[in-house]
There are 2 protein chains.
Amino acid sequence: MSANQEKEQPRRRQARGERRIAQLLEAAATVFTTTGYTAASTNAIAREAGVSPGTLYQFFPNKEAIAIELGDRLMHEMRETYGEALAPVDPATPLEEAVGAAVDRFIAFNCEHPVFFALMHGPDIPGRIAEEHDALHATLLSRIEGLLSSLLPDTAPADLTRTAHMCLGLYKAGLELVLAHEAAERDAYIQELKNALVRYLDPLVGATLGHHKPRP
Amino acid sequence: MSANQEKEQPRRRQARGERRIAQLLEAAATVFTTTGYTAASTNAIAREAGVSPGTLYQFFPNKEAIAIELGDRLMHEMRETYGEALAPVDPATPLEEAVGAAVDRFIAFNCEHPVFFALMHGPDIPGRIAEEHDALHATLLSRIEGLLSSLLPDTAPADLTRTAHMCLGLYKAGLELVLAHEAAERDAYIQELKNALVRYLDPLVGATLGHHKPRP
DNA sequence: GACAAACGCGAGCGGTCGCTCGCATTCTGG
DNA sequence: CCAGAATGCGAGCGACCGCTCGCGTTTGTC
């Protein structure tokens, strides 16, 4: 067996090539968003990008790699934009504000990159992308769990995990509704999502800290 | 029963045929559940049922018809079992009880027929099934809206619709988590789903009726 | 038992899709 | 300026899928 140099061969790219890659990824995002990953054909992506199938395969070894690269770039942008957003666990900020800020940021990201939702929610997605999705999912869950554990110090870990799962599930449900509407109606759904999350969590932190506001 | 001939074909079936149909639908349910509708191949369904592809097409004109028939039977069973379940709008029953009962019934149905979730949530499903899904969706929404309007008489219709959408979305999110777990953990998620729904709705009916229980 | 209809089979047809290959064109380093 | 790498093309290959067809078997009816 010879040295395996297929791993990270420093393939020399020209500026033209980088442009093509960006163009192809953009086209792929469009096609994936409208038809989903499996139903999207590589020929359709190439057509959308205005190039031939052969050109597409000049830059991507296979269909999965397109989605992988797209996912990687989205992930990178997400980390860049919101990496520090979920980190601060200020126990002084009211729950409503903390939830509202987090929801606003993530909703904004998903609205700006609708393909993210398509890639992460497809029931048909192959191995590597599913791994990425699971990794992100796990990251988000542990982040949420961390936030919750500082709000609910005396709660069993199993309950904490379950609550985190519920929060993420509730967020996903709200996201779907938000993406399905526009303008004012969309904003109203964002508010409702915040309401649902806050009301779900409020009794927990209320019971723990004993300093929630009574109903007027 | 009268002669229930469809549009054109007074096809006479033998008992053997009816058995095959049931057998094929069961196999289809299995395959659809595990791989989703689009990824499921008719050959795989026939193999799962232990018959040849030709036999499958003796009873179904095409792949879509299999899913349609499966959907119809599920829908029928659902109406039979829960047709009257969501109807009674007893304003005297506490919100917690009403939500709990409704959730229990629908969760039970979805746990018993996991293919229902697969068929109704596939992002790849063709025309007729999507229509059925939309019809069911609309039916559930109007039912929920009806229940809500009796609880929240002085609420704008748009807000009512939005709240109904949120309830259904929250339920779907919870259902996904419930189906992903088993035994005790599943029960715990069912309880959390009920909590989320009740806490989301409680402030609304509390504000309207002014007779909610204060926190201990 | 005779006959037709319903049932059952599985090789294979037409079509699509992911992907390749041979060859032409454009860029870049020396 | 030119050798060679990078880019671009598109017909077409192999695999798979939905579905068909011809033919043999079983079943119901008289």
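Chain identifiers are assigned alphabetically (A, B, ...) following the order of the sequence lines, protein sequences preceding nucleic acid strands; residue numbering begins at 1 within each chain.
Spacing between atom CZ of A:Arg47 and atom P of D:dG8 amounts to 18 Å, rounded to whole angstrom units. Atom pair A:Arg19:CZ and D:dT7:P shows a separation of 11 Å (rounding to whole Å applied). Summarising the geometry, the separation between CD1 on B:Ile45 and P on C:dG10 is reported as 18 Å, rounded to the nearest angstrom. Look at CD1 on A:Ile66: it is 14 Å from P on C:dC17, rounded to the nearest Å. As a whole-Å value, the separation of B:Phe60 CZ from C:dG8 P is 12 Å. Here the P atom of nucleotide C:dC23 and the CD atom of A:Gln58 are 17 Å apart, to the nearest Å. Across the protein-nucleic acid pair, A:Leu56 atom CG and D:dT7 atom C1' stand 13 Å apart, rounded to whole Å.
The aromatic rings of B:Tyr37 and B:Phe32 are tilted relative to each other, their planes meeting at an angle between 30° and 60°.
Side-chain proximity of A:Asn62 to the nucleotides C:dC19, C:dG8, D:dC9 is greatest for C:dC19. Ranking C:dC9, C:dG18, D:dT20 by closeness to the A:Thr42 side chain, first place goes to C:dG18. Closest to the side chain of B:Lys63, out of C:dC17, C:dG8, D:dG18, is D:dG18. Distances from the side chain of A:Pro53 to the nucleotides C:dC19, C:dA11, D:dG8 place C:dC19 closest.
Among the protein residues, A:Gly17 comes within range of the sugar-phosphate backbone only, with heavy atoms under 4.0 Å from sugar or phosphate atoms but none that close to a base.
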**Message:** Evaluate B:Tyr171 against B:Ile144 for side chain to side chain contact (heavy atoms under 4.5 Å, CB included), listing each step before the verdict.
**Reply:** CA-CA 12 Å; B:Tyr171 168 75; B:Ile144 297 174; over 6 Å; no
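For B:Tyr57 and D:dT20, the shortest distance from a side-chain N or O to OP1 or OP2 is not below 4.0 Å. For C:dC9, the OP1/OP2 oxygens have a side-chain nitrogen or oxygen of B:Thr55 closer than 4.0 Å. A close approach under 4.0 Å does not occur between any side-chain nitrogen or oxygen of B:Arg13 and OP1 or OP2 of C:dA6.
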Which protein N or O atoms sit under 3.5 Å from an N or O of nucleotides 27-30 of chain D?
none

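Between the side chains of B:His121 and B:Glu176, not a single donor N or O lies within less than 3.5 Å of an accepting N or O.
Here side chain to side chain donor-acceptor pair (under 3.5 Å) pairs that include residues 188-201 of chain B, with residues two or more places apart or in two chains, are A:His165-B:Tyr189, A:Glu192-B:Tyr200, A:Tyr200-B:Glu192, B:Asp104-B:Lys194, B:Gln191-B:Asn195, B:Glu192-B:Asn195.
In this structure B:Phe116 satisfies the ring-ring contact (aromatic ring centres under 6.0 Å, His included) test together with B:Phe109, sequence neighbours excluded.
By the 6.0 Å contact criterion, CD on B:Glu69 is enclosed, its count of non-hydrogen atoms from other residues, nucleotides or ligands being greater than 12. Within a 6.0 Å sphere centred on CD of B:Glu48, heavy atoms belonging to other residues, nucleotides or ligands number more than 12.
Heavy-atom nearest nucleotides on DNA chain D were determined for B:Ala40 and for A:Ser52, and the one closer to the 5' end corresponds to A:Ser52. Toward the 5′ end of DNA chain C lies the nearest nucleotide of B:Glu18, the other residue of the pair B:Glu18 and B:Asn43 mapping further downstream.
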